[in-house]
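Scroll down for the structure; my scribbles are underneath it.
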Amino acid sequence: MEENRIEIDRDLCTGCGLCETVCPTGTISIVEGKATVSAGGSILCGHCEAVCPQEAIRVTAIDEKMSRYETFAAEKQWLPPGNYNTSLLVQLMASCRSCRHFTDRAVERAVLEDLVKIGITAPSGTSCQFWTFTILPTRKAVTAFAGHVANFYSRLNATAEKTLLRSFLKLIGKGELDAYYRGYYRKVKEGLDEWHGSGKDRLFHGSTAAIVVGSKPGASCPAEDALLATQNILLAAYSMGLGSCLIGFAVVAMKRDPPVRRAIGIPAEEEVHAVIALGYPDEVYQRVSGRKRVTPRYFEG
Ligand SMILES: Cc1cc2nc3c(=O)[nH]c(=O)nc-3n(C[C@H](O)[C@H](O)[C@H](O)COP(=O)(O)O)c2cc1C
């Protein structure tokens with residue numbers, strides 16, 4: 001029941017109604033001059049708690065500890081729109097490129113845990129927050145995981161080498177294996193040969209940590225939620241001096257081969273949406289580069 005999860009201190013409440021105004025589900029209303037949980041369906045988003053000038057409302061599902069960071073001080077003060085340096089923000093976003101060269105320096109566990117907490121400041125569909133995070137905190141863990149992913153691609157490449165099978169599957173409308181063969185097979189083979197030969201890690205680029213972002217069943221928008229959290233992590237990591245790279249190859253391996261997920265302790269019912277390689281960067285750029293042209297279209301009504 002929402003009553004148990006939204007606590008209202010009736011002595012502190014002045015009945016100003018701000019909570020009623022911002023509540024997206026119409027759960028709170030002013031009854032006899034006081035904020036009251038008058039309807040069900042709260043998504044426990046915490047807008048009421050954040051807007052109350054009297055600090056009279058508490059959403060008990062919100063864990064204070066998730067907003068306390070170990071490696072930096074975070075202001076609790078809300079920053080109004082416009083009160084920020086856009087130029088610096090855009091410079092950060094454009095400078096945060098995929099990093100494919102890392103030093104051997106380990107990423108502190110406290111930093112990785114803070115990154116997860118920063119990730120979950122992202123929005124989520126109906127505020128369900130059904131995201132999951134699996135931290136690979138060391139180079140050893142990343143290498144072990146890379147081995148499982150490499151095994152998946154070894155098997156996939158062995159299947160893709162079968163010309164007759166590819167042609168048959170294409171003939172019956174299943175052209176994925178053929179498309180993989182033409183698009184990725186050769187590069188993947190090169191990477192696997194290097195991995196098994198010199199131990200060079202083309203998959204994780206030698207990163208010393210990784211975070212796998214997934215979702216629990218039941219989320220309304222699992223992929224969107226996870227990817228929004230992921231982008232937060234990428235930007236925050238950069239601001240902390242880390243480099244990052246999304247590893248789509250590892251996501252595909254985990255989606256297609258449950259044992260690869262299981263190998264790093266992800267339960268069968270969870271989905272995986274992003275794998276973020278992390279580490280201290282060993283590359284320096286001179287300037288930010290741009291993007292291909294995009295032309296927004298307008299709909300004027
Ligand atoms: C969903 C996704 C999957 C990606 N997978 C890989 C990958 O497996 N390996 C890799 O080196 N880069 C990967 N990247 C990084 C892209 O190649 C990179 O974002 C793109 O080239 C643009 O460069 P930038 O990130 O430096 O701006 C991936 C990016 C995205 C968004």
Side-chain angles (χ1 to χ4, degrees), residues 89-103 115 119 122 131-134 136 139 141-157 160 176 179-180 183-195 199-215 221-257 260-261 263-264 271-294:
L89 178 65
V90 173
Q91 197 179 2
L92 170 81
M93 288 168 158
S95 299
C96 174
R97 306 300 307 272
S98 297
C99 178
R100 299 188 181 88
H101 301 90
F102 296 94
T103 70
L115 284 174
W131 34 43
T132 66
F133 301 86
T134 306
L136 283 67
R139 176 76 201 135
V142 174
T143 307
F145 179 40
H148 290 287
V149 177
N151 287 343
F152 166 79
Y153 281 101
S154 295
R155 290 196 303 277
L156 183 59
N157 265 18
E176 294 91 348
Y180 170 80
Y184 296 99
Y185 169 83
R186 197 177 53 79
K187 279 261 169 237
V188 169
K189 184 171 171 5
E190 277 171 24
L192 287 168
D193 288 347
E194 275 189 0
W195 171 258
K200 185 168 188 258
D201 170 18
R202 274 212 219 170
L203 183 64
F204 281 93
H205 312 295
S207 71
T208 51
I211 298 177
V212 179
V213 188
S215 61
C221 311
E224 292 85 344
D225 300 350
L227 294 174
L228 286 162
T230 297
Q231 175 69 352
N232 276 6
I233 292 174
L234 299 184
L235 292 176
Y238 196 77
S239 79
M240 293 169 159
L242 294 170
S244 65
C245 189
L246 290 168
I247 310 298
F249 277 103
V251 175
V252 170
M254 281 192 284
K255 278 189 192 294
R256 307 236 332 235
D257 192 15
V260 181
R261 280 205 305 268
I264 59 166
E271 263 187 86
V272 169
H273 305 285
V275 175
I276 310 168
L278 289 159
Y280 287 92
D282 197 11
E283 48 187 42
V284 175
Y285 294 91
Q286 302 300 329
R287 59 197 64 82
V288 300
S289 78
R291 294 289 194 215
K292 293 172 196 161
R293 181 188 299 259
V294 69

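We count ligands from 1, going down the list as the structure has it; atoms in each ligand are counted the same way. Throughout, numbering of the chain's residues begins at 1 and tracks the sequence. Computed from a prediction, not measured in an experiment: that's the story for all the values here.
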Would you mind reporting whether [Y] and [X] have side-chain heavy atoms less than 4.5 Å apart?
| X | Y | answer |
| --- | --- | --- |
| Thr208 | Phe102 | no |
| Phe145 | Val142 | no |
| Arg261 | Val212 | no |
| Leu278 | Leu115 | yes |

Counting from 1, what ligand 1 atoms have a heavy atom of [X] closer than 4.0 Å?
| X | result |
| --- | --- |
| Phe249 | 8 (O) |
| Cys245 | 10 (C), 11 (O), 12 (N) |
| Arg100 | 10 (C), 11 (O), 12 (N), 15 (C), 16 (C), 17 (O), 18 (C) |

Salt bridge check: are Glu283 and Arg97 linked by an N-O gap of less than 4.0 Å?
->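 Salt bridge absent between Glu283 and Arg97.
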*asked:* For atom 26 (O) of ligand 1, what is the closest protein heavy atom, and at what distance to 0.1 Å?
replied: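 That would be Ser98 N, 2.7 Å.
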Taking the non-hydrogen atoms of Arg291, is any one of them nearer than 4.0 angstrom to ligand 1?
->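 The answer is yes, since Arg291 has a heavy atom less than 4.0 Å from ligand 1.
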**Prompt:** Nearest heavy atom to atom 23 (O) of ligand 1: which of Arg97, His205, Met93 does it belong to?
**Reply:**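 Comparing heavy atoms across Arg97, His205, Met93, the nearest one to atom 23 (O) of ligand 1 lies in Arg97.
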**Asked** Nearest heavy atom to atom 2 (C) of ligand 1: which of Leu203, Leu246, Thr230, Val149 does it belong to?
**Response**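 Comparing heavy atoms across Leu203, Leu246, Thr230, Val149, the nearest one to atom 2 (C) of ligand 1 lies in Leu246.
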Just distance, no hydrogens or angles: give the donor-acceptor pairs under 3.5 Å from side chains in residues 230-243, sequence neighbours left out.
unit_1 : atom_1 : unit_2 : atom_2 : d
Thr230 : OG1    : Ala226 : O      : 2.7
Asn232 : ND2    : Ile118 : O      : 3.3
Asn232 : ND2    : Gly119 : O      : 3.4
Asn232 : ND2    : Thr121 : OG1    : 3.0
Tyr238 : OH     : Ser95  : O      : 3.4
Ser239 : OG     : Ala236 : O      : 2.7

Original post:
Is there any N or O on Gly248 that sits under 3.5 Å from an N or O of ligand 1?
Top reply: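 Yes: some nitrogen or oxygen of Gly248 is under 3.5 Å from one in ligand 1.
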Would you say atom 20 (C) of ligand 1 makes contact with the protein, given that contact here means a non-hydrogen protein atom less than 4.0 Å away?
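False for atom 20 (C) of ligand 1.
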| said: Is it the case that atom CZ in Phe152 sees more than 12 heavy atoms from other parts of the structure closer than 6.0 Å? | reply: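 Yes - once you tally the heavy atoms of other residues, nucleotides and ligands closer than 6.0 Å, there are more than 12.
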